There are 2 protein chains.
Amino acid sequence: MCVGEEDVQGVPCSCRGPRHEGFLEAWLLLLLKGSPSHGYELLERLGQVTGHGVAPDPGTVYRNLRRMEDEGLVTSNWDFSDAGPPRRLYRLTEQGEELLQAWAAEVENYRSRLDRFLSIYSELRGRPRA
Amino acid sequence: MCVGEEDVQGVPCSCRGPRHEGFLEAWLLLLLKGSPSHGYELLERLGQVTGHGVAPDPGTVYRNLRRMEDEGLVTSNWDFSDAGPPRRLYRLTEQGEELLQAWAAEVENYRSRLDRFLSIYSELRGRPRA
DNA sequence: CGCCTGTATGTGCACGGGGCAGATATACAG
DNA sequence: CTGTATATCTGCCCCGTGCACATACAGGCG
């Protein structure tokens, strides 16, 4: 929430909840399905692809990747090939791919709930308060 | 997440994040826009309307309503009219209505992000891991 | 050389929403 | 009198996230 949009009618943005909405793991799995990558790059890709320009917190991303490795969703290898500090290259595992599929189903359910919200809202909108 | 759906392909449901996804306040505002109501009833309506049969935690709902009253989003009056324990009748305020509008915009943004997720997923799906 | 910037990874701390468990009270049915 | 449905509320804890900060490597510049 509160992803940089202006306030609406002077009501300060609600600003509750995480900016990446509990789907950070899902996004990471998705991006890694696209191609193996390291944390810093994922950070940048996340900022673009998720729609709002705001990149998530680096610490959170790195922590998530580590946890996901512990859980067998991804594997990592140090990459010293290019100049600059070494990077940890992450790859999706079979398990990670399966979880991504589960996430996709979850996201669809989630979206249909949001649709329901919006359809109810559009029904009610404009009516005087009861 | 993990709203009672079965596991997908043996992968245990991710189960991270709140069941009502950080939109509890939005749902409460929306339902109250529909008609004034009390906590217990909102609890039941939430369980039906949000799509998954699972009702949110009562404590969480009551606490949210109280907070929302403190913030001027709703007002409450005790209702002794019917039999049984007294209930606290909540009504949406002008402020609450404005915030609901802001929430609706937020939900739309949110949904478009989920759309983006799903469209990327459907592009990638089926491809072998890189 | 020293300094700054950009790349890249990581830790400690604190906040805040929400789930879980349980307390309380009223009415009514058996 | 005990149990069940209705109705509200509190305490406690978990967990994900954001923020601030630390670390390290490489290259450019005066």
Side-chain angles (χ1 to χ4, degrees), chain A residues 1-4 13-28 36-47 50 52 54-71 74 76-90 103, chain B residues 1-4 13-29 36-47 50 52 54-71 74 76-90 103 106:
Chain A
M1 339 285 167
C2 188
V3 288
C13 175
S14 57
C15 281
R16 282 187 230 297
R19 274 210 269 274
H20 285 78
E21 310 105 0
F23 289 114
L24 185 55
E25 179 181 271
W27 277 108
L28 290 174
S37 187
H38 56 281
Y40 193 83
E41 193 186 35
L42 289 167
L43 213 53
E44 290 178 331
R45 289 167 71 192
L46 270 172
T50 55
H52 43 292
V54 185
D57 177 64
T60 304
V61 169
Y62 288 118
R63 254 193 307 256
N64 266 275
L65 289 169
R66 284 303 204 79
R67 176 189 50 77
M68 289 161 69
E69 188 172 16
D70 288 343
E71 294 174 0
V74 296
S76 78
N77 293 296
W78 284 107
D79 174 20
F80 302 92
S81 62
D82 290 319
R87 349 170 193 164
R88 201 185 274 272
L89 248 188
Y90 285 97
W103 267 116
Chain B
M1 339 284 168
C2 188
V3 288
C13 176
S14 57
C15 281
R16 278 187 234 296
R19 274 210 268 276
H20 286 79
E21 310 106 359
F23 290 113
L24 185 55
E25 179 181 271
W27 277 108
L28 291 174
L29 291 171
S37 186
H38 56 282
Y40 194 81
E41 194 187 34
L42 289 167
L43 213 53
E44 291 178 331
R45 289 167 70 192
L46 270 172
T50 53
H52 45 290
V54 186
D57 177 64
T60 303
V61 169
Y62 288 117
R63 252 193 309 256
N64 265 275
L65 289 169
R66 284 304 204 81
R67 175 188 50 78
M68 288 160 71
E69 188 172 16
D70 290 342
E71 294 174 0
V74 296
S76 77
N77 292 296
W78 283 107
D79 174 20
F80 302 93
S81 61
D82 290 320
R87 346 167 196 168
R88 199 186 277 271
L89 249 189
Y90 285 97
W103 268 115
E106 187 59 32

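Reminder, nothing fancy here: chain letters follow the sequence lines and each chain counts from 1. What you are looking at is a predicted structure, and each value in this text was computed from that prediction instead of being measured.
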Does B:N64 make a side-chain N or O approach to OP1 or OP2 of C:dG17 shorter than 4.0 Å?
no
Test log, rule side chain to side chain contact (heavy atoms under 4.5 Å, CB included), inputs B:R88 and B:Y40:
CA-CA 9 Å; B:R88 199 186 277 271; B:Y40 194 81; over 6 Å; no
Atom CG of A:D79 and atom P of D:dA26: how far apart are they, to the nearest Å?
13 Å
B:F23 CZ - C:dG18 P separation (whole Å)
11 Å
Spacing between B:F80 atom CZ and C:dA25 atom P, to the nearest angstrom
15 Å
For A:G47 and A:P56, work out which heavy atoms get closest and say how close.
N-CD, 4.5 Å
Whole angstrom is fine here: how far is it from CZ in B:R67 over to P in C:dG17?
6 Å
CG (B:L89) and OG (B:S37) are apart, to the nearest 0.5 Å, by 7.0 Å
If I take atom CH2 in residue A:W27 and atom C1' in nucleotide D:dG16, what distance separates them, rounded to the nearest angstrom?
19 Å
With rounding to the nearest 0.5 Å, note down the distance linking NE2 in B:H38 to CH2 in B:W78.
11.0 Å
Whole angstrom value for the distance that separates P of C:dG17 from CG of B:L28:
13 Å
Rounded distance (Å) that lies between atom C1' of C:dG17 and atom CD of B:E71:
13 Å
In B/S/- notation (B base, S sugar-phosphate only, - none; protein heavy atoms under 4.0 Å), nucleotides 5-12 of chain C written 5' to 3' is --BBBBBB
Euclidean distance, atom CD of residue A:E25 to atom P of D:dG16 [Å, nearest integer]:
9 Å
Verify side chain to side chain contact (heavy atoms under 4.5 Å, CB included) between A:L28 and A:V74, making sure each step is shown before the conclusion.
CA-CA 10 Å; A:L28 290 174; A:V74 296; over 6 Å; no
How far does CZ of A:R63 sit from CG of A:D57, to the nearest 0.5 angstrom?
7.0 Å
